[in-house]
Structures are given as C-alpha cells and as structure tokens.
Amino acid sequence: MAHDDDPAVYEARWRARWARDGLDRIDLAHARDPYYNLMMFPYPSAEGLHVGNMYAFTGADIHGRFQRCQGHDVFEPIGFDAFGIHSENHAILVGRHPMELVRRNVTRFRTQLERLGAQFDWSKAVDTTDPRYYRWTQWLFLQLWKADLAYRATRRVKWCPNDLTVLADEQVLGDGTCERCGATVLERELEQWFLRITRFAERLLAGLDALDWSESTKLAQRNWIGRSEGAHIDFPIAGEEPLRVFTTRPDTLFGATFMVLAPDHPRTVRLADPAQRETVAAYVARAERRRVAGQHAESGGPAGVALGRTARHPLTGAELPLFAAEYVLSGYGTGAIMAVPAHDPRDHAFATAHGLAIVEVVRADQDVALAAHVGGGVLVNSGEFTGLGAPDPARERVVATLEARGLGSREVRYKLRDWGISRQRYWGPPIPVVHCPRCGAVPVPETELPVVLPYVEAFRPLGTGSSPLAAVPEFVNTRCPQCGEPARRETDVSDTFLDSSWYFLRYPSADRDDVAFDPQLTRRWLPVDTYIGGNEHAVLHLLYSRFIAMALHDLGWLDFEEPFTRFRAHGMIVSQGAKMSKSRGNVVNPDEYMDRYGTDSFRLYLMFMGPFDEGGDFRDRSINGPARFLAQLFRLLARVEDTEEPAALARARHLCVQKVSADTPQLKYNTAIAALMTYANSLRDHPGPVPAQGVRTLAQLLAPYAPHAAEELWHRLGGTGSVHRQPWPRHDPSLLVEEVVTVIVAVDGRRRDQLRVAPGLPADELERLALSLPRIAALLDGHPPRRVVVVPDRQVNLVLAVA
RNA sequence: GCCGGGAUGGCGGAACGGCAGACGCAGCGGUCUUAAAAACCGCGGCUCGCAAGAGCGUGCGGGUUCGAGCCCCGCUCCCGGCACCA
C-alpha cells in the first residue's frame, strides 16, 4: 500500500527529479571550489552489486555529500573496471563472450548504483573496456616506453597453470597459489613487457611520509617496497671473479665463516669443484623443482650442498667454504651471502647442521654456539674494529675500509620488482606494439590508436604462452609502422592494473576524445582530495597509481607527483563472522533489503553498524532500527508547528549539529547517526508541538546519510530548492552550556553521592558542598580528607586512604 | 616468525584519564486494538537486598595514578598483512 511516507514512493521520485535537474553534474571547467571525491571503481561482476560495494560507496558518498554541503563543488565520478581475468574466467565458465557479458553486467550495475542514491556524475562515467578509454591506456604505455620506463625482457615469471597466464608477483599468495583460482603457481621463461617501477622505489617510499593516508596502508607499501640499507662485498676466489654478496650487517664481516649461493645462482654449478659438480647439479635440480612448486626446505636445515671450493675473506684472508642452499634466494640481493652463524639464525641453523665454525663478533650475553645473537653490542674478534659499537658505528667504519680498498661499497636494496604487465589472455587492451623482423619492436603511432581488441569467438587461453589473439591472422598480420614491411602485432594484452592505474586522471576528461586528460581540467581537479577504498589494494593499485603519476609528472604531463592527497581504507563487511562467499552461502543480496526497507534505511544501517574503517557483521534484523528512525521523523511532521523553540530543545539541536558536523568529516558515521537519533528522540519526547526548525535541521544533517528522506522532509516542511544545496547548519557554542551539571562525589575513588549544581563553580566551592553532604559527612566521620581532587563540573574525589 | 588492528551486556557498538554500557537490535512487562501488526510507556551487566543501598564487573596477570576500558610492563586468543629479503 503505497503512501507518501513510503520510501518506495518518494525515493524513486527524488532520484528522477535530481537526474532531471542535473543536481549531481557540475561544471568542471568553471567550478570555483573543486573537491575531488574518489572511490574505487567496481569490477562489474555477474553477481551484481555486492553489499561490500554498497558499504564502500555509501561511506564515500556520505563524505562527498558532506563536502558539498560545506560549499565545495564536489566531483564524484564512478566507472567500471571491466577488463581482466575475473570477467574472462566467468565468460569461459558460462560459455558466453566477455564483450556480451560485460555489457550486460555494466547495465545491471548501473541500475543498482543509481538506486544507491549517490551523487555520481554519470556524465563522466568510464568503462575501461571501451576503446575510447583503452585507447589512452595504450597511449600511456607508449609514453612510458618513450621515456624508457617500459622494456621487454625474458624473465622467469609466475605462471598459473589453470588460468594459463602470467601473474604479477602481487597476484601470487604467500603459499605459492594463484590469488584468482588457488592453483599452485609455476614458473616459465617468457618475453614480457615490464614497467620500471623500481626506478621510483626511493620516491615511492619517501613520498609516503607526507601523505594523509591510513597508517596501515602506508606501512603495507613500505614493507612491499622493502628498502634495506647495507653494502655489497666482494670475496675473492682463486682463479675466478670474486663472489659478490649483499649484507645489511657489514659490521659482522669478521664473523663470516662460510658463504652460501642460491641454488639457481648463475655461478653455483660453475663454481663447484669438478669432483662435486654432479652432486651439486643434482641438488640444484631438486631445489629447482621444489622452488617452482612453491615449497621450500626448512630454513638453514641440512638442505644444501658444499661446492668443494673456498673464497677468501676480504680482510682476514681466511678460507671460507662455499655452499649452495635453498634458504638463499636468487631474487634478492646478489643471490649469494656471507654467512655469519653467530649473528643470524638461518646461518646458525645451517652451520650447526653442517658442523661449520661459529665465531662471535658482537659480544652476546648467551652462548652463540647454541643460538644466534641478532641484536647489537660491542665488536669482538674483529681486528682493527674490535671495541666499536655494532651495528653502528661499526657498519660505517667497515664499509669505509672496504670502499678504500675497492672490496665493497655501500648499497641500498629494495624488495620491489619491476611490474610485468604482459598477459597472454584475450580480455584486456592489446599492447600497442608491432614486431618487425627488420626494425624490432616498434610502437604503434599514437594517431593509429586504439589498437582495437577484435571480437574473437575463440577467446579461451591457448596455454602456449601466447594470447588467443596470436591465432587471429587478421589481427596479427600488419605492416611495420616504420619501414612498411610485413610485421606481426604484439598479441599480449596488458594487466588490468594498468587500466586502473590512471582512471582517476580520465574521469574529468571522460567525454574528450582528443586527449587522455585535459591539462586545464587536470590542474583544477587533481590530485584527488579524498580517496576511499579497500585496503586489499594497499600495495597493488595504490602503488601502481602513484608510480604512474610520478612517471607522468616527470614527463611533464602532471604538475603533481602524488595522485591521492588523502586515502582512507574502509572496513570489510562480513556475514556470520566470515567473509561473504557463495561457497559459504552467507552472501547478502542488497536488493532484497532495499526493496523491503528502502535505500536510505539500508544506507543508514550499513553506516550505523560500526566504525566505517572497521567494517562489521551484517545482521539483517538490526536494519529495523534505522527504518524505525526514519519513520519516526515522518511522524514528527504531524506535530510540527512554527513555534518558538524551547531552550532545552534548542540546546539538544545545537548539540546534534555539533556532533554530526564533527563526526562526519572524520568518517565516524556510526556516532553521527546515533546523535541524529538522540535528537530525534528528544523531539519525539517533547510534549507539545515540535518546532519546525528542529525537523528542518534534522533534514539537513541527515542529507548526506539518507539523501531521499532528507529531501522529502525538507519539502514537506515547505523548503525550496534542494536540501542538498542548503548551507550546512552551524551550532552556537553558547547554547551548549548546561544549566545544571551533575558532579560526582567520590571517597577514595568510589562514587558515594552526587551534587546537582550550576556549571562553573570554583573548586573550593565544590569541595565545600561535597563535604556538607550528609552521606559524605557520615563516611568521613569527622576526619578531614588527606587530599581533595576536584575536576570542575565533573567530580570531587575525597582521599582518605594513605597512599 | 615479523608488522598492524582488536577483545566492553544476549547482539552491533559508545565512552577529552573523571557516573562504563550512549545509540540501536533482540527480549520481557504494559497501553491501544475484537485480534494482530504498527505506535506509545516501562524494565533490563552480575550478586545480595522488600527497599535504601552494598559488593563485583571492559580477555588474563602485574604496575603507574586521588582516579584506568583508556597509560606502562608481561601474557592469551581473534582478525588482517608480510614472510628464508641476508
């Protein structure tokens, strides 16, 4: 039974009205007070909008709406991150073409997103699979290539045997499985395109300090970049090039008693004594199989083999036996280490297993034969360095000595690897390169972009190490843009993360076909003021986007380096204590709830559940609360009169304005909603007519949270224009002062009585009043307190006990 | 193993070092109704007590403080991330 207070009636009506009036569109070119409110654009899955998406978008939209209420011109765009392996795998699964599925999913998402009542500017929506978008993704690649930030290399890459594609390191989970499908990841040698993110390692790290981001996100990036400061040191080998190692503890150099190479270090087999070579090669092959399978032998255990050869200690000249062992990784440092068993647990375990010498060089309070001493101390057994503090200042002194003798040098290493972007798949933007037998790899001229992804029925991965596009002659066969001779197109497509690494630059210029991003619009709107999204993208998307922005800055396309001034990670919504998943059967369908309670109740419920940065557990019963709260507001309307506002209600109103205005920008939505409820309750409980001002203010404060209900209330109260375009209410601090305060009277910290007094009484007056209370006098029994602590307007604590 | 975050009524959660449990859910009792729903009123941490009140209560053990959910030290468990990174 539809009536005017039914959200089903007024919500749809207002959305239609807002769309018609273009309320959410702004004139980007002329906005005076721009505020770019960004949220992570969704991947349009076949399942439709997820509660997690709703949660994220609602929270971000409240932020944007609030900023608009503060008078900013808020740009709040949305789009679709629709390329990638998710969509492609789903298409394979259901046997339909990704182009068709994505179109359908995007349509469905758009309908659901519109229903959310967010102030999205749909006129600037982007879809990464639209040639009008990926043309510029290809353009971006070409700019990077021109600047020597893209290169081609044969690398051992992670390979998913199930998805039949290369994965980025970031897409491999800690247990060596594919983050997509869970298959055990293998490795393959393939020629790939890489982006030189490592060149920016130091800037990516240093830039974090100045960013207003969630600390946890910054930390995740720091760990991922993984800077370590140390030195490389060369250990001479008779008749060979010296063996170079990297160490963060050059101060422990005198404790090095042997050396270890990674099994797949290029010199491992070559350095082995001929008599040992077979044994070593066999071990290397075994280790290789284990490594590719994602297993590794116990740290420092017996897994490892002697090479039957020695290197010389660069300072003492001592002979150090060489080993190959799996606990040393080829991918980090130089792939070889000096082993200092007294001060490194892994070296210690290996030394113990192989009966190698353990020499203490940093004085330890325990026996280093039993366990490594990792901490600092004073150097012993270290020749001229004995007596120095370790690691500092000994570190500097040892390195200086090595440098003076040309035996080593200070060095900074990073864990960060270059970003491999080639994907041997179908569903992505083709990498705009032509391979010419004569000219080599040649960029597709910018004027010929986009290189359109052809519609291909056989889009399933081939598993040959080539994209399905390789089987499409019309696509592959072309002419070299440089010499005009027959040539072949690059058939790999690029990683989805490349699409999303720059979409926020595209939004303001989304309707422009002449540029990727217009310089003037970009100057006006970027960097992004606030970015809200999930912390699962802390190291992938957020790091890539920063890298791309820095690169474009250096190329003169951007005048800033950091794309996101402020980033806030929202929490995750779980259901029945666990992440929602189809297999668990605990997936919540947001449509059902919106059908039943309306969008606004659902928005309020999601935000009221708990702190926005913590997420929460979805319980369907609790949504009653916000639904009842909105219904109560509409009931108040019948009692509204344009009367004088009683002082108590004025105070309650100003308190509410203060609380909501303070909590909302801090994303403390749950407590802001509680304050709205508290104030609404005081209006409800007030006998007599409800002052119109009260409900009007409620409508305004509610506008970011429940945009439809707020608009409806506003108009029922005779408001003109849109509630979303009203100046934000201000509170008058002088009205917040209470007339009577309760002062707790405690004896030895235990509450014994209370005073009801005017606020602002001086301490001695409060003390006098407290002592005069009969119950207190009885407790004191004539003894004066040893000490009296007065907290003005709050508490008087009478201390009797001896401290 | 390392790095984050957390643990508060039946439940979600709130609390500038100053009345723990705001706000809400679920529950119980009542009003209205032929009835039900909705709405409204009331109750609600635990123990003892008719009551007034007293004692005990924020994962565990200590500490600092007139006073600790909050600060410090040492644990336990849960969630997230990283993980043989030399």
Side-chain angles (χ1 to χ4, degrees), chain A residues 173-175 214-220 222-224 226-228 230 245-249 252 260 262 296-301 303 325-329 331-340 343-347 349-350 413-415 535-536 538-539 569 571-572 574 577-579 604-605 608-611 613-626 628-629 631-632 635 659 668 670-681 684-685 742-752 754 775 785-801 803:
Chain A
L173 301 181
D175 60 353
S214 308
E215 241 0 91
S216 59
T217 312
K218 292 208 247 184
L219 196 76
R222 285 193 189 103
N223 291 340
W224 190 262
R227 181 185 204 271
S228 21
V245 303
F246 174 73
T247 178
T248 53
R249 292 292 302 273
T252 62
V260 187
H296 60 71
E298 279 305 299
S299 177
E326 282 158 270
Y327 81 93
V328 174
L329 308 175
Y332 185 75
T334 63
I337 61 156
M338 65 174 200
V340 183
H343 305 292
D344 180 287
R346 296 155 301 179
D347 297 344
F350 191 82
R413 289 266 174 177
Y414 302 90
K415 284 197 261 184
N535 226 359
E536 68 272 17
V539 288
M572 207 171 58
V574 298
K579 212 168 163 170
L604 282 173
Y605 168 61
F608 187 55
M609 212 156 44
D613 57 357
E614 283 175 28
D617 199 335
F618 192 93
R619 310 225 168 232
D620 54 6
R621 276 195 312 211
S622 306
I623 192 174
N624 277 330
R628 284 206 273 251
F629 163 63
Q632 190 199 110
R635 257 180 271 119
K659 182 78 176 148
K668 289 169 157 181
N670 56 330
T671 50
I673 293 168
L676 290 167
M677 289 172 166
T678 304
Y679 177 51
N681 289 346
R684 177 195 64 199
D685 297 340
T742 303
V743 175
I744 299 304
V745 180
V747 176
D748 285 334
R750 290 170 172 279
R751 180 187 188 282
R752 295 300 174 186
Q754 63 180 42
R775 194 179 292 155
R786 272 167 209 281
R787 197 176 153 188
V788 178
V789 180
V790 178
V791 185
D793 293 345
R794 285 193 176 270
Q795 196 180 78
V796 177
N797 192 10
L798 307 166
V799 185
L800 295 185

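Order of the sequence lines sets the chain letters (A, B, ...), proteins ahead of strands, with each chain counted from 1. Side chains included, hydrogens not; waters and symmetry mates left out as well; all remaining heavy atoms used.
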Of the nucleotides [options], which one has an atom closest to the side chain of [X]?
X      : options             : value
A/R794 : B/G13, B/G53, B/C16 : B/C16
A/N624 : B/A86, B/C16, B/C25 : B/C25
A/N797 : B/G67, B/C19, B/G12 : B/G67
A/T248 : B/A86, B/G24, B/A39 : B/A86
A/V799 : B/C66, B/C41, B/G12 : B/C66
A/M609 : B/C66, B/A14, B/G12 : B/G12

Sugar-phosphate, base or nothing in reach of [X], heavy atoms under 4.0 Å:
X      : value
A/V789 : base
A/P611 : sugar-phosphate
A/V328 : base

Can you check whether A/F608 reaches A/F629 side chain to side chain, under 4.5 Å on heavy atoms?
no
Validation row: A/L798, A/V745 side chains within 4.5 angstrom (heavy atoms)
yes
May I ask you to evaluate whether [X] reaches the phosphate of [N], defined as a side-chain N or O under 4.0 Å from OP1 or OP2?
X      : N     : value
A/R750 : B/C56 : yes
A/R752 : B/G55 : yes
A/R775 : B/G53 : yes
A/N681 : B/G24 : yes
A/N223 : B/C2  : no

Could you check whether A/N535 and A/S216, counting side-chain N and O atoms only, form a donor-acceptor pair closer than 3.5 Å?
yes
A/N624 side chain to A/Y605 side chain, donor-acceptor N/O pair below 3.5 angstrom:
no
For A/E536, check side chain to side chain contact (heavy atoms under 4.5 Å, CB included) against everything at least two apart and list the hits.
none
So, for [X] and [Y], which heavy atoms are closest and what is the spacing to 0.1 Å?
X      : Y      : result
A/R628 : A/R635 : O-NH2, 4.4 Å
A/D347 : A/V340 : OD2-N, 2.9 Å
A/P626 : A/L604 : CB-CB, 3.7 Å

Pairwise [atom1] distance for [N] and [M], with rounding to whole Å:
N     : M     : atom1 : answer
B/U8  : B/C56 : C1'   : 16 Å
B/G29 : B/C78 : C1'   : 38 Å
B/G13 : B/G45 : C1'   : 15 Å
B/G24 : B/G42 : P     : 13 Å
B/G10 : B/C16 : C1'   : 31 Å
B/G63 : B/A52 : C1'   : 37 Å
B/G9  : B/G21 : C1'   : 7 Å
B/A37 : B/G27 : P     : 11 Å

Output all residues satisfying side chain to side chain donor-acceptor pair (under 3.5 Å) with A/R751, sequence neighbours left out; order by chain, then residue number.
A/Q754
A/R787 or A/T678, whichever maps to the more 5' nucleotide of RNA chain B:
A/T678
Could you pick out which residue, A/L798 or A/G615, lies toward the 5' side of RNA chain B when each is mapped onto its nearest nucleotide?
A/G615
Output the pairing pattern of RNA chain B as a dot-bracket string, 5' first, Watson-Crick or G-U wobble with both distances under 3.5 Å, | for cross-strand pairs, [ ] for crossing pairs.
(((((((..(((.....[....))).(((((.......))))).((((....))))..(((((..]....))))))))))))....
B/G55, syn or anti by chi within 90 degrees of zero:
anti
